[in-house]
Student: 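Okay, here's the structure, questions in a sec.
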Amino acid sequence: MLAIIAAAVACGVIGIGTGYLYRKQIAEGKIGQAEVEAQRIISTAQQNAEARKKELVLEGKEEVHKLRNDADREHKERRNELQRLERRLLQKEEHLDKKSDSMEKKEDALARREDDINGMQDKIEELHSQKLAELERISGLTYDDAKDLLLSNVQVEVKHETAQLIKSLEDEAKEEAEGKAREIISMAIQRCAADHVAETTVSVVSLPNDEMKGRIIGREGRNIRAIETLTGVDLIIDDTPEAVILSCFDPIRREIARLALEKLIADGRIHPARIEEMVEKARKEVNQKIREAGEQATYETGVHGIHPELVKILGRLRYRTSYGQNVLRHSIEVSQLAGIMAAELGVDENLARRAGLIHDIGKALDHELEGTHVSIGMEVAKKYGESKAAINCIAAHHGDEEPKSVEAVLVAAADAVSAARPGARRETLENYLKRLTKLEEIAKSFDGVEECFAIQAGREIRVMVKPEKLDEADCVLLVHNIVKRIEDELEYPGQIKVVVIRETRMIDYAK
């Protein structure tokens with residue numbers, strides 16, 4: 001066994017040694033191949049580097065040659081340009097030399113002519129002196145004495161003729177001015193065909209049948225109370241068949257109530273909530289009509305460039321009357337009359353038309369602001385950028401200020417012509433409307449009043465108060481104070497009923 005083991009070990013040792021020598025030989029062979037390959041790669045790289053170096057040198061030489069050619073060409077072009085400019089300069093110098101020689105010749109000629117003229121002037125002055133001396137010898141007067149005598153005679157004659165001429169022209173101008181003024185005013189009135197509509201304080205709403213009256217009144221009168229409370233208009237439901245009368249001195253309120261009632265009748269659903277909705281829709285519709293009326297007025301008169309807010313205020317004059325005359329129609333009429341007269345006189349027609357249209361603009365706000373309609377109109381016109389000339393026309397049409405232009409005088413004349421037209425105004429209606437307006441102003445002057453409406457032709461006023469500011473006891477005191485102020489400040493026939501309404505609403509939404 002030992003011999004076998006020893007033989008096996010010997011064989012293993014020999015095998016291991018043989019394997020080691022074999023692997024060493026293979027590794028040395030691979031190292032040799034790698035070294036040969038590295039030498040080959042290095043040699044190839046060197047050859048490539050030499051070739052690339054030669055290529056770069058050639059490219060550099062070519063680039064240098066190209067740059068040198070470009071520089072030579074550019075230098076040649078610049079040299080040619082300089083030669084061309086030099087030739088032009090030489091030509092200009094020659095031309096200037098020729099001009100200079102010509103100017104010198106002309107100056108010499110002018111100098112010679114000037115000498116000749118001076119010599120001739122001396123001769124003329126000498127002859128003139130001789131002539132004057134001869135005339136003085138013949139007339140026996142010196143030059144100054146003759147001049148004074150002649151001037152005095154001419155002055156007397158001119159003064160006399162001038163006085164006669166001035167008097168003649170003044171008489172002629174007065175006659176022509178009066179005739180021309182009458183002609184212009186009559187022509188303006190003839191060309192301005194303004195219509196006139198009599199304003200009233202009632203409106204009639206037609207009903208499809210008499211049964212609708214009961215629906216308008218509602219259960220226990222709740223519908224008619226809601227309409228009167230929301231609009232401030234008195235509904236008169238009498239024996240007139242198929243008709244309801246709306247009575248109110250304020251045309252805007254009456255129009256809102258009329259539209260709302262017509263919408264309710266057409267819809268058929270009449271109850272307080274629906275009434276409130278329709279009144280609000282009618283109020284928006286009336287506001288739209290007011291804006292359209294202002295725009296239509298500017299279109300009719302040919303006045304442009306008015307501020308949009310001023311156009312809206314102008315439209316409110318559609319529902320305003322002055323002594324029974326519709327103020328918007330009156331303003332349009334004044335604008336047209338003033339424009340026609342301005343055109344005939346040859347002054348600013350556009351200014352006359354513009355000032356005539358807005359001369360009564362303050363009447364649209366005189367129930368909301370303190371002061372006369374003239375002062376309010378001036379402030380409003382100034383606020384919305386009207387010119388000083390137009391503002392002066394507004395101020396001067398009632399004599400509050402002196403007119404500073406012909407157009408201001410024409411606006412005042414046109415206003416007087418329009419107001420004095422037969423049937424244009426009625427005194428009693430204006431006084432009646434002023435009394436109702438004053439009645440509402442007294443009620444609104446108290447603290448806590450939200451809204452108030454004069455109804456029943458001024459025999460009743462309904463005052464809505466803010467419930468969060470006034471309690472029941474305050475309302476009792478308020479109605480007493482309003483009555484006292486009315487008795488002290490107004491004159492009226494019969495008696496006036498004052499009704500104070502305090503209403504609290506609780507609103508919530510189910511979600």
Student: I need the L328 CG to L314 CG distance, nearest 0.5 Å.
Tutor: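 The CG atom of L314 is 5.5 Å from CG of L328, to the nearest 0.5 Å.
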
Student: Compare all side-chain heavy atoms of Y384 with those of I313 and state whether any distance is below 4.5 angstrom.
Tutor: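 Yes, at least one pair of side-chain atoms sits under 4.5 Å.
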
Student: Is a side-chain N or O of S331 found less than 3.5 angstrom from the main chain of V327, in a donor-acceptor match?
Tutor: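 Present.
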
Student: With a 4.5 Å cut-off on side-chain heavy atoms, are D415 and H398 touching?
Tutor: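 Of all side-chain heavy-atom pairs linking D415 with H398, at least one is under 4.5 Å.
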
Student: Ignoring hydrogens and angles, tell me if any N or O in the side chain of R502 forms a donor-acceptor pair with the backbone of L470 under 3.5 Å.
Tutor: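 Checked: pair present.
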
Student: Donor-acceptor check, side chain of N326 to backbone of R329, threshold 3.5 angstrom: yes or no?
Tutor: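 Yes, N326 side chain to R329 backbone: donor-acceptor pair under 3.5 Å.
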
Student: Can any side-chain N or O of S335 pair as donor or acceptor with the backbone N or O of R353 at less than 3.5 Å?
Tutor: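 Here the side-chain-to-backbone pair exists.
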
Student: I want to check something: taking the side chain as every heavy atom from C-beta on, are V233 and I227 in contact at a cut-off of under 4.5 Å?
Tutor: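 The answer is no, as the side chains (C-beta and beyond) never meet within the 4.5 Å cut-off.
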
Student: Provide the closest heavy-atom pair for A389 versus L351 in the form atom of the first, atom of the second, distance.
Tutor: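 Nearest heavy atoms, A389 then L351: CB-CD2, 3.7 Å.
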
Student: Looking at CG of L85 and CG of L90, how far apart are the two atoms once the value is rounded to the nearest 0.5 Å?
Tutor: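 If we round to the nearest 0.5 Å, L85:CG and L90:CG are 11.0 Å apart.
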
Student: Which of these passes salt bridge (charged side-chain N to carboxylate O under 4.0 Å, His left out) with D267: K281, R274, R215?
Tutor: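 That would be R274; it is the only one of K281, R274, R215 passing the salt bridge (charged side-chain N to carboxylate O under 4.0 Å, His left out) with D267.
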
Student: What do you reckon, is NZ of K289 surrounded by more than 12 foreign heavy atoms closer than 6.0 Å?
Tutor: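 Above 12, so yes.
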
Student: Quick one: does any side-chain atom of T44 pair with a main-chain N or O of R40 as donor and acceptor, under 3.5 Å?
Tutor: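 A pair under 3.5 Å: yes.
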
Student: Would you call E386-R354 a salt bridge at under 4.0 Å N-O?
Tutor: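 A salt bridge links E386 with R354.
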
Student: Pick one: which of R73, E77, R79 meets side chain to side chain donor-acceptor pair (under 3.5 Å) with H75?
Tutor: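 Testing each of R73, E77, R79 against H75, the sole residue satisfying side chain to side chain donor-acceptor pair (under 3.5 Å) is R79.
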
Student: Return yes when atom CD of E402 has more than 12 non-hydrogen atoms of other residues, nucleotides or ligands closer than 6.0 Å, and no otherwise.
Tutor: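 Not buried by this count: 12 neighbours or fewer within 6.0 Å.
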
Student: Test your reading of the model: is there a side-chain donor-acceptor pair from E450 to the backbone of M464, 3.5 Å cut-off?
Tutor: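 Not at all, since once roles are kept as given, no pair shorter than 3.5 Å links the two residues.
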
Student: Under a 3.5 Å distance rule, please check whether N287 uses its side chain to pair with a backbone N or O of R283 as donor and acceptor.
Tutor: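 Side chain of N287 to backbone of R283, a donor-acceptor pair under 3.5 Å: yes, one is there.
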
Student: If you count the non-hydrogen atoms of other residues, nucleotides and ligands that lie under 6.0 Å from CZ in R84, is the total more than 12?
Tutor: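 Enclosed: over 12 neighbouring heavy atoms sit under 6.0 Å from CZ of R84.
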
Student: Can you see which heavy atom on R253 is nearest to which on C452, and at what distance?
Tutor: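 Closest approach of R253 to C452, heavy atoms only: NH2-O, 4.0 Å.
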
Student: Rounded to the nearest 0.5 Å, what's the gap from CG on D360 to CD1 on I394? Could you check?
Tutor: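 Between D360 CG and I394 CD1, I get 9.0 Å after rounding to 0.5 Å.
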
Student: Side-chain contact, heavy-atom cut-off 4.5 Å: R269 with E277?
Tutor: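 No, their side chains stay 4.5 Å or more apart.
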
Student: Take a 6.0 Å sphere around CZ of R113 and say whether it holds more than 12 heavy atoms from other residues, nucleotides or ligands.
Tutor: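 Result for CZ/R113: open.
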
Student: Can you check whether E344 reaches M341 side chain to side chain, under 4.5 Å on heavy atoms?
Tutor: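 No, too far: nothing below the 4.5 Å cut-off.
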
Student: Determine whether a donor-acceptor pair (N or O, by modelled atom type, separation under 3.5 Å) exists between the side chain of E228 and the backbone of L235.
Tutor: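 Side chain of E228 to backbone of L235, a donor-acceptor pair under 3.5 Å: yes, one is there.
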
Student: In chain order, what residues pass the side-chain contact (heavy atoms from CB on, under 4.5 Å) check against V205, with sequence neighbours excluded?
Tutor: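 Scan of V205 (side-chain contact (heavy atoms from CB on, under 4.5 Å), adjacent residues dropped) gives L246, R258, L261, E262, I265.
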
Student: Main chain of D348, side chain of E407: is a donor-acceptor contact present, judged purely on distance under 3.5 Å?
Tutor: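 Side chain of E407 to backbone of D348, a donor-acceptor pair under 3.5 Å: yes, one is there.
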
Student: Check this for me: D447, atom CG, are more than 12 non-hydrogen atoms of other residues, nucleotides or ligands nearer than 6.0 Å?
Tutor: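 Result for CG/D447: open.
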
Student: Enter the distance from F446:CZ to D474:CG here, rounded to the nearest 0.5 Å.
Tutor: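 One gets 13.0 Å once the value is rounded to the nearest 0.5 Å.
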
Student: Are side-chain heavy atoms of V334 and L357 found at a separation under 4.5 Å?
Tutor: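 They are not in contact (no side-chain heavy atoms under 4.5 Å apart), so the answer is no.
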
Student: Let me see the working for K263 and E285 under salt bridge (charged side-chain N to carboxylate O under 4.0 Å, His left out), right down to the final yes or no.
Tutor: CA-CA 12 Å; K263 290 178 184 293; E285 188 173 336; 3.1 Å; yes

Student: How about Q33 and E37: does a side-chain donor come under 3.5 Å of a side-chain acceptor?
Tutor: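 Their side chains do not contain a donor-acceptor pair, so the 3.5 Å distance test is not met.
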
Student: Kindly say whether E114 contributes a backbone atom to a donor-acceptor pair with the side chain of N118 at under 3.5 angstrom?
Tutor: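 Between the backbone of E114 and the side chain of N118 there is a qualifying donor-acceptor contact (under 3.5 Å).
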
Student: Could you check whether the rings of H397 and H359 sit parallel, tilted or perpendicular, using 30° and 60° as the cut-offs?
Tutor: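 Judged by the thresholds at 30° and 60°, the geometry between H397 and H359 is perpendicular.
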
Student: Kindly indicate whether the side chain of V374, heavy atoms from C-beta on, has any atom under 4.5 Å from the side chain of E401.
Tutor: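 V374 vs E401: side chains apart.
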
